[in-house]
Amino acid sequence: FFAGIWVEGWTSLRKQKDGETTDDLYAFMTCEPNGVVGPIHPKAMPVILTEATELETWLSAPWPEARMLQRPLDDALLCLNE
């Protein structure tokens with residue numbers, strides 16, 4: 001899972017030509033890239049949750065605890081086909 005934030009019904013003026021709109025928004029959280037992603041995208045990588053306990057923490061824990069999940073995925077857990 002990508003760790004992210006979901007906001008329903010956000011009202012804003014994003015484009016002048018569209019006027020004020022109400023939208024559902026999603027953003028995924030990023031972190032420093034790991035050794036696999038870094039050579040391809042050196043700026044950031046998504047925060048990836050791989051365990052059920054991480055998912056539960058992200059969805060229900062207080063922010064000081066949940067934010068500890070903002071870290072690169074272990075290189076061994078992510079492989080790219082060449």
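Keep in mind that the numbers below use all heavy atoms, side chains included, and drop hydrogens, waters and symmetry copies.
Nearest heavy-atom pair across S12 and R14 is OG-CG, 3.3 Å. P33 and P42 get closest at one heavy-atom pair: CG-O, 3.4 Å.
No side-chain heavy atom of T30 sits under 4.5 Å from any side-chain heavy atom of K43. The shortest side-chain heavy-atom distance between L78 and N34 falls under the 4.5 Å cut-off.
Of the candidates F1, F2, W58, F2 is the only one forming a ring pair (Phe, Tyr, Trp, His ring centres under 6.0 Å) with F28.
A donor-acceptor pair under 3.5 Å links the side-chain atoms of E54 to the main chain of E51, judged by distance alone.
Ring geometry for W6 against Y26 counts as tilted: the plane angle lies between 30° and 60°, on a 0 to 90° scale.
Under a hydrophobic clustering in which Ile, Leu, Val, Met, Phe, Trp and Tyr are joined whenever their side-chain heavy atoms come within less than 4.5 Å, directly or via other members, L13 and W10 fall into different clusters. In the hydrophobic clustering of ILVMFWY residues, with side-chain heavy atoms under 4.5 Å counting as a link, I5 and M45 come out apart. V47 is not connected to L73 by any chain of hydrophobic side-chain contacts under 4.5 Å among Ile, Leu, Val, Met, Phe, Trp and Tyr, and they are in different clusters.
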Steps toward side-chain contact (heavy atoms from CB on, under 4.5 Å) verdict (T21, T11): CA-CA 6 Å; T21 62; T11 300; over 6 Å; no
List the steps, then state whether side-chain contact (heavy atoms from CB on, under 4.5 Å) holds for L69 with T57. CA-CA 9 Å; L69 296 170; T57 298; 4.0 Å; yes
Just do the side-chain contact (heavy atoms from CB on, under 4.5 Å) check on R71 and C31 with the steps written out, would you? CA-CA 6 Å; R71 78 291 184 250; C31 60; 5.7 Å; no
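Heavy-atom neighbours of E32 CD from other residues, nucleotides or ligands within 6.0 Å: at or below the threshold of 12.
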